[in-house]
Amino acid sequence: MSSNPVAETVVSLMPKAMVELTELVAFRSVADFDQFPRSESEGAARWVADALAAEGFQDVALLDTPDGTQSVYGYLPGPAGAKTVLLYAHYDVQPPLDEAAWTTPPFELTERDGRWYGRGSADCKGGVIMHLLALRALKANGGVPVHVKVIVEGSEEQGTGGLERYAEEHPGLLEADTIVIGDAGNFRVGLPTVTSTLRGMTLVRVSVDTLAGNLHSGQFGGAAPDALAALIRVLDSLRAEDGSTTVEGLAADTAWEGLQYDEEQFRQDAKVLDGVELIGSGTVADRIWSRPAVTVLGIDCPPVVGATPSVQASARALISLRVPPGVDAAAATKLLQAHLEAHTPWSARVSTEQIGEGQPFRADTTSPAYQAMAAAMAVAYPGQEMQYAGQGGSIPLCNTLAALYPRAEILLIGLSEPEAQIHAVNESVSPEELERLSVAEALFLRTYAAS
């Protein structure tokens with residue numbers, strides 16, 4: 001990175017950043033209070049609130065959102081007449097999965113092989129630290145030239161919509177000229193990237209019932225309808241022979257125009273086993289950024305250990321459907337539910353229940369904010385031109401903010417590049433990316449203020 005005062009300041013702040021990220025990662029802030037104590041999320045929220053207050057933010061508040069979690073808000077006034085920029089991140093994290101499978105404890109930030117490992121280090125507690133670093137660098141070099149609002153969500157990973165509903169109920173709170181969502185990531189380490197589209201998502205629980213109770217498989221098997229077998233057939237109907245998603249009525253042939261994802265590189269990033277084929281058709285970018293994708297997240301049925309010779313009376317599954325840009329998530333949900341009901345065999349009783357939803361998103365990449373970010377990233381990443389990529393995941397708040405503030409420009413950046421392995425075992429963040437993106441965000445705020 002070429003020498004400049006902002007970059008030099010960020011470099012000097014990196015040791016403190018590691019200490020702070022260590023403290024924040026230590027909170028087991030999974031917003032599923034059936035699995036993890038509410039006190040862990042509340043502790044993380046207080047940590048963020050204290051950090052904002054220490055930086056001079058005003059009106060710092062713990063917002064009680066309708067889903068029973070807390071988001072953290074703060075306002076840092078800039079010069080009179082300046083533009084307003086909203087910076088977003090979230091402090092809640094995915095469950096650590098099998099903690100024994102982690103090389104080092106998931107809630108202890110650990111430096112190893114040039115990366116910092118820990119749940120939330122990239123997604124998205126690292127995003128909180130990124131925002132703090134950018135603002136500190138500006139304060140040390142002439143001041144922050146815009147009004148800054150910060151919102152740090154407490155339940156993004158659960159998709160329960162608490163912050164979206166709170167924002168709709170308080171429409172002036174998050175209003176801004178530009179919104180920087182710090183929950184995306186570079187296409188690859190060292191390649192500056194803004195995310196221009198997000199797939200939406202819907203979560204549907206499907207239940208199949210066939211009998212009043214389980215039956216002995218020797219006495220009744222072969223004629224008694226097996227609910228688990230029926231569910232397996234329903235789930236299999238969601239994919240074509242090549243693995244493409246096939247929800248009746250939902251288009252699955254859109255092509256991605258822009259940065260492409262090399263298939264061999266994708267195999268490496270996804271850690272696909274040797275000899276195992278990728279699923280779907282079209283380019284990798286088509287499949288993961290612009291087409292629907294169904295995933296069976298879980299099935300309720302007897303485990304192998306302890307199973308008895310029984311015909312199952314009931315079975316259920318949780319299904320995730322990623323919804324491509326340009327498709328309404330509510331409409332996609334209805335198509336999915338209709339498909340599940342139509343493909344249930346043997347006239348078995350089937351019911352579906354939606355338990356989460358997020359709309360897809362498409363940004364206006366021609367706006368002045370994108371030009372300012374491109375200029376900032378060119379400095380933070382010398383010799384690299386900013387790239388535009390899609391993201392297969394969803395950030396439901398984006399569409400809420402776009403609807404509330406149609407004139408606002410929305411940019412998505414962040415620390416979740418492929419090596420970060422977010423949502424998986426051994427999640428990590430590259431400290432070099434944290435450093436460069438903090439510089440880029442600081443320079444963006446300065447360039448955007450002058451535009």
Checking side chain to side chain contact (heavy atoms under 4.5 Å, CB included) against Tyr88, which of Val150, Val180, Val128, Leu163 comes through? Leu163
Checking Val148, Asp59, Leu173 against Tyr75 for side chain to side chain contact (heavy atoms under 4.5 Å, CB included), the one that qualifies is Asp59
For residues 115-134, pull every pair meeting ring-ring contact (aromatic ring centres under 6.0 Å, His included), keeping only residues two or more places apart or in separate chains. none
Residue pairs passing the ring-ring contact (aromatic ring centres under 6.0 Å, His included) test where at least one lies in residues 214-260, sequence neighbours excluded: Trp256-Trp289
Is a side-chain N or O of Arg205 found less than 3.5 angstrom from the main chain of Leu318, in a donor-acceptor match? no
Can you pull out every salt bridge (charged side-chain N to carboxylate O under 4.0 Å, His left out) where at least one residue sits in residues 164-174? Sequence neighbours excluded, please. none
According to the salt bridge (charged side-chain N to carboxylate O under 4.0 Å, His left out) rule, which pairs have a member within residues 415-427, sequence neighbours left out? Arg115-Glu417, Arg115-Glu419, Arg119-Glu427
Tell me every residue that passes ring pair (Phe, Tyr, Trp, His ring centres under 6.0 Å) with Phe444, counting only those two or more places apart in sequence or in another chain. Tyr448
Could you work out, with ring pair (Phe, Tyr, Trp, His ring centres under 6.0 Å) as the rule, every residue matching Tyr261, not counting sequence neighbours? Phe187, Phe266
Flag side-chain contact, heavy atom, 4.5 Å: Lys149 against Leu174: no
Can you find a heavy atom in the side chain of Val234 that is under 4.5 Å from one in the side chain of Val350? no
Restricting to side-chain contact (heavy atoms from CB on, under 4.5 Å), what partner residues turn up for Ser41, sequence neighbours left out? Ser29, Phe33, Tyr91
Under the salt bridge (charged side-chain N to carboxylate O under 4.0 Å, His left out) test, residues paired with [X] that sit two or more places apart:
X	answer
Arg239	none
Asp364	none
Arg233	none
Asp242	none

Test salt bridge (Lys or Arg N to Asp or Glu O under 4.0 Å) on Arg28 and Glu99; report intermediate values, then the result. CA-CA 12 Å; Arg28 303 170 68 90; Glu99 295 197 31; 2.6 Å; yes
Sequence neighbours excluded, every pair satisfying side-chain hydrogen bond (donor to acceptor under 3.5 Å, both in side chains) that has a member inside residues 400-411: Ser367-Glu409
